[in-house]
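We name chains A, B, ... by the order of the sequence lines, and we start the count at 1 in each one. What you see below is based on every heavy atom in this structure, not just the backbone, and it leaves out hydrogens, waters and symmetry mates.
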Protein chains: 2
Amino acid sequence: MRDGLPRNQALVLDMLRSDQGRALTAYELLARLGPAGMRGPQTIYRALEGLLKCGLIHRIESLNAFTACAHAHEGHGYGHHTHRPAFAVCRNCGAVRELDDPALAAVLGVVADRSGFAVQDRVIELVGACGACAAAPG
Amino acid sequence: MRDGLPRNQALVLDMLRSDQGRALTAYELLARLGPAGMRGPQTIYRALEGLLKCGLIHRIESLNAFTACAHAHEGHGYGHHTHRPAFAVCRNCGAVRELDDPALAAVLGVVADRSGFAVQDRVIELVGACGACAAAPG
DNA sequence: GCGGATGACGTGATGTTATCACATAACTGA
DNA sequence: TCAGTTATGTGATAACATCACGTCATCCGC
C-alpha cells in the first residue's frame, strides 16, 4: 500500500497524479480503474473522500472533478497539512493550476471574519482560458 | 410578463426572490412550480440559463443550486450589469449571503493577471456556519 | 399576406454525478 | 480468540443536467 494508504485510495491517487495539471471526474476514474478492480461508483467515491480528507487531492466544484494536490509530497501521507488553494481552470484544454497567493489568502481571511461566518471550506476558482489557449487561433 | 421577461423566467425569478437569502436547486424549483405549469427539468434549466445570462440570479457551485441576485432591482432587466460576487454559504441552515468586497475583487484581478489566464468566470464561495448557527448549541 | 428567421416552450428519453443499503473481508488490539 | 473498527464489493436508487425533436407565436422583409 503505497504511502500507507488503503489500496483503493492509492489507486485513485496514482491515477490523478498521472494526470497532474488536469482534473478527472469520478466516472472517468472508474473507467480507467475498472481493469484494476474498481467496479462501482461507490468504490471511487469512498477513495476520493479519504483522499480529500487528508488533503492529497482537491475537488474542483466548477468541473465536478478531482485533481491531485500539487504540494502533497511522498511521505506526507496522513496528517498532511491540508490547504485549500485557489484554482485556475481552462475551459478549453482542461488545464487546472493551483494558485497559491498570500495576498488572496489574507484578503479571504479578512472577508471571512467580517462576514460573521465560521468558514470551514473555501471554493475559489477562476474559470477561463489558459495562456496557451487564449493565444491559440480560433 | 413581469420585468419584460419570458413567462418561465419570471416564474423562476419570483420563486427565487421569495426565498431571498437561500438557494434552491433546479428540482426544488420544478417541484414548486409544477402547479404553475412547469413540467420538466428542461423547462427549469432553460429559464435558469436565461436568468444567469442577464445576471438576475447566481449559481452556487458548492450547492448545485441557484439564488436571486441581491442587487438586481426591479427595472434593471436585460442589460443589467452582471457581477459575480463572492458568497458565504451556511451548511447548517442553508443561508446564502453575497459578499461584495472591493479588496477581494482587486486581489482577484491581480491574481488572475499573474496567472496568465484570461478569466471569464469566477467561483468564490466560503462554506461554513453563519453567525447564528455557529452560536447555536449542538 | 406569404415565407423565413427567431425565440420560447412542451415533452420523453437519456446522460452524468452521487449516495444508500446491506453484505463481506481485513486489520487491530485487549 | 473475539470485538471493534476500517476497508471493500455490489446492486439499486437518487439527484443533477442535457439531448432531441416538435410546436407555436412573433417579427420582419418582401
Positions of residues 20-30 of chain B (non-hydrogen atom under 4.0 Å from DNA chain D), listed by number: B/T25, B/Y27

Thinking salt bridges, do B/R59 and B/D121 make one under a 4.0 Å N-O criterion? no

Show your reasoning for whether ring pair (Phe, Tyr, Trp, His ring centres under 6.0 Å) applies to B/H58 and B/F66. CA-CA 6 Å; B/H58 301 294; B/F66 304 85; over 10 Å; no

Tell me who clusters with A/V123, hydrophobic residues only, linked when side chains sit under 4.5 Å apart either directly or through other members. B/V123

From CG of B/L52 over to P of D/dA17, roughly how many Å is that when rounded to an integer? 11 Å

Once you round it to whole Å, what is the distance between P of C/dG10 and CD of B/Q9? 13 Å

Does this structure show an ion pair linking A/R32 with A/D14, if we count only N-O contacts that are shorter than 4.0 Å? no

Between A/T67 (side chain only) and A/R22 (backbone N and O only), is there a donor and an acceptor less than 3.5 Å apart? yes

Send over the distance from A/L63 CG to C/dA18 C1', rounded to a whole Å. 16 Å

Could you check how far CD1 of B/I60 sits from P of D/dC16, rounded to whole Å? 14 Å

DNA chain D-proximal residues of residues 35-49 of chain A, any heavy atom under 4.0 Å: A/R39, A/Q42, A/T43, A/R46

Between B/E61 (CD) and C/dA18 (P), how many Å, whole number? 11 Å

For A/N64 and C/dA18, is the shortest distance between a side-chain N/O and OP1 or OP2 below 4.0 Å? yes

Any side-chain donor near an acceptor of the partner, A/E125 and A/S62, under 3.5 Å: yes

Within-4.5 Å side-chain heavy-atom neighbours: A/L33 and A/V12: yes

CD (A/E49) with more than 12 external heavy atoms under 6.0 Å: no

If the cut-off is 4.0 Å, is B/N8 near the phosphate of C/dG10, judged by side-chain N/O to OP1 or OP2? yes

Evaluate the side-chain proximity of A/R97 to A/V89: yes if any heavy-atom separation is below 4.5 Å, no if none is. no

Hey, does the side chain of B/R7 come within less than 4.0 Å of C/dG7's phosphate (OP1/OP2), counting only N and O? no

